[in-house]
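These notes are about the structure you will find just below.
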Amino acid sequence: MNNYLEALKWKLTKPNYRKLRDIENPKVHEFIAKSSDLCQSKNVFICSDDPKDIAYIRQQAIISGEEKESLKIKGHTVHFDGINDQGRDRKATKYLVPRGISFSTALNQIDRQKGLSEVKGLLMDSMKDRTMIVRFISLGPPNSVFTIHGLQCTDSWYVAHAEDILYRPGYQVFCQAEPNTQFLRVLHSSGKLNKSMTSLEDDNKAIYIDYMDSTIYSVNTQYAGNSVGFKKLAFRLAIRKANYEGWLAEHMMIMGVHGPGGRKTYFSGAFPSACGKTSTAMLPGETILGDDIAYIRDVGSVARAVNVESGIFGIIKDVNPKDDVSIFNVLNNPGEIIFSNILVKNKKPYWLGMGTEIPENGTNFSGEWHKGKQDKDGKEIPPAHKNARYAVALEALDNCDPEIDNPMGVEVSGIMYGGRDAKAYVPVQQSFDWSHGIISYGASLETETTFATIGKEGVPEINIMSIQDFISIPLGENISNNIEFGKRLKKVPIVFGVNYFLKNKEGQYLNSRQDKHVWIKWMELRVHGEAGAIRSPTGFLPKYEDLRKLFDRVLHKEYTKEQYIKQFTIRVPENLAKIQRVQRFYQEKVSDTPSELFEVLDQQCKRLIKAKEKFGNYISPEKFEW
Ligand code: SPV
Ligand code: MN
């Protein structure tokens, strides 16, 4: 028996001791023992993959009050986060870096020693009268080339329960692994709690990433994006690992798109939070394999992808019976779901944009709520938070893709990038080649901040490949890794740029939410060479006739030439201004930008200027047809 296991013995019941003893990796014992010692937990619960352990966690989440069984439908519970803990907290999230290292001025970083003593100070004694729960997770399907092992210690039963819904169990994986297997570690504490069981000291929130030790510390927060370690926290470490090993860890959904003759073609897509990623993956008639994080590897010179997770932590705002049939049904039927930050009234959940009238009072993240209630700054509190969410297992959806646990992943034929861009990019376009797509759609992804992160909404920013917040290496390296990855493949996925948020001069959206389904079907045809395209300065555009047929077939909607021209007009000044912002960003903030990025953007500028000289500032797509 090693010393760490011995040291833990008095905090473990016999069954828990046995569970831990069956994992031979001494580093596992060490991390648990040191975490428990730092946080001074009263005892330690080791969660195996046994359904009894999982049921115990769920029950404790309710007994502790972190979740409430205040909803009528069986299996549904509600969790509330504190009023200042309703999204991913960028300010509180920092990379611990050794002295002399700098990733980019675009990232939050802190001297490693200083950060470690700060966060350990906050964690010290935080679990004094609580149980520390230990969860083992397999990121990606177990026993596959994609698998990464994860271990989290937390004092939140809610976090431990959410992990059960969102991730694949990993206890057996740890038991079977070699004693020296590498794994990611997360230590989380909700910190002091108030009467409603939400983190009290949110001013002292800290989410620190120690990449040197593959460890993440998170304290004084409960919002899942800051506390469920296998979501964005482990993702930050995975991006780093992927970069060094030559594969990709991406903020991407994965979906199977159904084409003519019953064929299915897989696409992955990167969108910043609250920009349509989940709703794309869930399109009716298609299959969803993942909605948030993908690992993509070169397997036999082909890009293959797995979903790192097995559940969805989805935005519930605007989920309505018309646009989101499948998930709306899931949310209204028995089954295990954790709702967070919604409004509860008469045992029913309510959220913004659900298509039903919302009551004027009830219980929400602010406690007892009534219309007109204000926060301490005099701001009106909405009935449900915009970033209210649901956590549900993917297998609850009737269109969950059957390949979800395939250890080889699925072959990715197309990759899409999309942000909130009101002005420049057309709704869908295909890149000229891999590098052009990675650079002018992925690395140039511009968007507006949304409610999914704490802070002001609607602020335009560059969000490289939609993973700006998670890149834990010099930013230029990440772009080079992407470019090189595609260049090594024999069968290169086609890269598309999409934009669901294009507006006219009057500020109205030019597309409806359903239109994305047509863009997806067009991409599927393009992958198989079954739709034409027009070569524009920014990429290949769809032809009107192809879209007209698809609108008719997919949405039973008439699609006029006028709509097409408005949506696919190349807006030269807006495109040039966008490129300039992107160039400036890389010149000022990313000292290791690969020269190819500037070359590709330069060529795009030249093409735009040439087109402008010939056709003017706003160019109908038909002008490029010949
Ligand atoms: C997102 O906001 O991109 C999410 C939820 O997927 S979070 O866990 O907060 O990252
Ligand atoms: Mn996400």
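Note that the structure is a prediction, hence the values are computed from the model and not measured. Counting starts at 1 for both ligands and their atoms, following the listed order.
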- Can you pull out the closest protein heavy atom to atom 5 (C) of ligand 1? Residue, atom name and distance to 0.1 Å, please. R389 NH1, 3.3 Å
- Query: Quick one: which ligand 1 atoms are inside 4.0 Å of a heavy atom on H251?
  - Reply: 3 (O)
- Item | Check: N481 side chain, E477 main-chain N or O, donor-acceptor pair, under 3.5 Å | no
- Message: Taking only non-hydrogen atoms of K277, do any sit less than 4.0 angstrom from ligand 1?
- Response: no
- Query: Among the N, O or S atoms that H251 has, which is closest to the Mn ion (ligand 2)?
  - Reply: NE2
- Task: Run the numbers for me: atoms of ligand 1, each under 4.0 Å from some heavy atom of Y223, listed by number.
- Result: 5 (C), 7 (S), 9 (O)
- Backbone N or O of H385 within a donor-acceptor pair of the N341 side chain at under 3.5 Å? no
- Message: Taking the ring of Y500 and the ring of F271, is the distance between their centroids below 6.0 Å?
- Response: yes
- Query: Of all the N, O or S atoms in D292, which one sits nearest to the Mn ion (ligand 2)?
  - Reply: OD1
- Item | Presence of salt bridge, D292 and K232, under 4.0 angstrom | yes
- Message: Could you tell me if R420 sits above the aromatic ring of F501, with its cationic atom closer than 6.0 Å to the ring centre and no more than 45 degrees from the axis?
- Response: yes
- Message: Taking the basic N atoms (NZ, or NE/NH1/NH2) and the acidic carboxylate oxygens, is any pair closer than 4.0 Å for R304 and D298?
- Response: no
- Query: N/O to N/O below 3.5 Å, does that happen between S273 and ligand 1?
  - Reply: yes
- Message: Using a 4.0 Å cutoff against the non-hydrogen atoms of K231, which atoms of ligand 1 qualify?
- Response: 6 (O), 8 (O)
- Query: Hey, is there an N, O or S on K231 sitting under 2.8 Å from the Mn ion (ligand 2)?
  - Reply: no
- Can you check whether G437's main-chain N or O pairs, donor with acceptor, with S440's side chain at less than 3.5 Å? no
- Message: Test your reading of the structure: does K232 have an N or O sitting under 3.5 Å from an N or O of ligand 1?
- Response: yes
